[in-house]
S.K.: 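The structure's right below; bear with me while I get my questions together.
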Amino acid sequence: MSNPAQSPVPATEATDATDATQAAQATTEVTIWSLEQTSPADLRPAAVPEGDLRIVRSEVVLPEFSRFLYSAVGGDIQWTDRLGMTYGQWQEALERPGAETWVAYANGTPAGYVELDPQDGGVVEIMYFGLIPAFRGRRIGGHLLSYGVARAWDLAERWPGRPPTERVWLHTCSKDGPYAMDNYLRRGFRLFDTKTEVEPDVVTPGPWPGAYGA
């Protein structure tokens, strides 16, 4: 039985309201750059920084740890694409043959990571790479990227049956840190595609809600 006190809004009015809401939503123009290496000889490693820095492969599939790295590294640069994934979806992504996560530890504390995504035809994507904000500006990023790219090139040595890597690629965008593109170019990556998209502004999540808020 319908309630006369709550009569439905006419379809035209509902559509107009939706359109108005969408029009009012703030957006940002984002430039996306895709870069690649096509030979191990392309890699130009960065110098190893001083101090107690180790890079270790996370060999136990653990969605909790992977999600921590993802949100801690990307929380202030609007990494949101994986935040809605279920535990099972995280596990499925991490368990794919050839998928690897390499974690940098500074004085025993996670400082950043590289996630490798195996693709067909001997292609490996640097799916995620970055440092937790507290560790940026310490010359760790160049070394971590160099190490991660080297592991992309020798990925087949650790995964029997996988063809040798023939191409390593990644993408970065204008939302990333100011030194991201320079780091990739210095490591020997070459630009092969540029595109621009308009994306809705989202609340910066941080490793937990409000981490970078007031």
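A quick note: this is a predicted structure, and the numbers were derived from the prediction, not measured.
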S.K.: Indicate if Val56 and Phe68 have the same hydrophobic cluster label, given that clusters are the connected sets of ILVMFWY residues with side-chain heavy-atom separations under 4.5 angstrom.
M.R.: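 Yes, Val56 connects to Phe68 through the hydrophobic network.
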S.K.: What class does the angle between the rings of Tyr70 and Trp79 fall in, given that below 30° is parallel, 30 to 60° is tilted and above 60° is perpendicular?
M.R.: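 Geometry flag for Trp79 against Tyr70: tilted rings.
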S.K.: Report the relative orientation of the aromatic rings in Tyr147 and His143; use parallel for angles under 30°, tilted for 30 to 60°, perpendicular for over 60°.
M.R.: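 Perpendicular, since the angle between the ring planes exceeds 60°.
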S.K.: So which atom in Ala99 and which in Ala93 form the shortest heavy-atom distance, rounded to 0.1 Å?
M.R.: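 Smallest heavy-atom distance, with atoms named: CB-O, 3.9 Å.
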S.K.: Before you tell me yes or no, could you show the steps for Ile126 and Leu116 under side-chain contact (heavy atoms from CB on, under 4.5 Å), namely the whole-Å CA-CA distance, both residues' side-chain angles and the distance that decides it to 0.1 Å?
M.R.: CA-CA 5 Å; Ile126 307 294; Leu116 305 181; 3.5 Å; yes
S.K.: Hydrophobic clustering (ILVMFWY, side-chain heavy atoms < 4.5 Å, transitive) - are Ile77 and Val30 grouped together?
M.R.: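 Different hydrophobic clusters.
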S.K.: For Pro97 and Pro118, which heavy atoms make the closest approach, and how far apart are they?
M.R.: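 Where Pro97 meets Pro118 most closely, the heavy atoms are O-CG, 3.2 Å.
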S.K.: If we ignore hydrogens and angles and just use 3.5 Å, is the side chain of Ser66 paired with the main-chain N or O of Leu62 as donor and acceptor?
M.R.: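 Between the backbone of Leu62 and the side chain of Ser66 there is no qualifying donor-acceptor contact (under 3.5 Å).
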S.K.: Mind checking whether Phe65 and Phe129 sit in one hydrophobic cluster, side chains of I, L, V, M, F, W, Y counted as touching below 4.5 Å?
M.R.: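 As far as the 4.5 Å side-chain criterion goes, Phe129 and Phe65 are connected within one cluster.
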S.K.: Nearest 0.5 Å, please: how far is CE in Met181 from OG1 in Thr31?
M.R.: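 Going from OG1 on Thr31 over to CE on Met181, the span is 9.5 Å.
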S.K.: State the NZ-OG1 distance between Lys175 and Thr28, to the nearest 0.5 angstrom.
M.R.: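 So the NZ of Lys175 and the OG1 of Thr28 are separated by 8.0 Å.
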S.K.: Nearest 0.5 Å, what's the CZ-CE distance between Arg82 and Met127?
M.R.: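 Reported value, rounded in 0.5 Å steps: 6.5 Å.
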S.K.: Return the CZ to CD distance between Arg190 and Gln37, rounded to the nearest 0.5 Å.
M.R.: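 CD of Gln37 is found 7.5 Å from CZ of Arg190.
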S.K.: From the options Val123, Val124, Thr38, select the one residue that forms a side chain to side chain contact (heavy atoms under 4.5 Å, CB included) with Trp169.
M.R.: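 Of all the options given, the one that passes is Val123.
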S.K.: Nearest 0.5 Å, please: how far is CG in Leu131 from CG in Leu69?
M.R.: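 Result: 11.5 Å between the selected atoms.
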S.K.: Which heavy atom of Ser146 sits nearest a heavy atom of Ala46, and at what distance?
M.R.: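 Minimum heavy-atom separation between Ser146 and Ala46: OG-N, 2.9 Å.
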S.K.: CD of Glu199 to CD1 of Ile32: how many Å apart, nearest 0.5 Å?
M.R.: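 It is 5.5 Å, given to the nearest 0.5 Å.
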S.K.: When clusters are formed by joining ILVMFWY residues with side-chain heavy atoms under 4.5 Å apart, either directly or through shared neighbours, do Tyr128 and Leu83 land in the same one?
M.R.: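 In one cluster with Tyr128: Leu83, yes.
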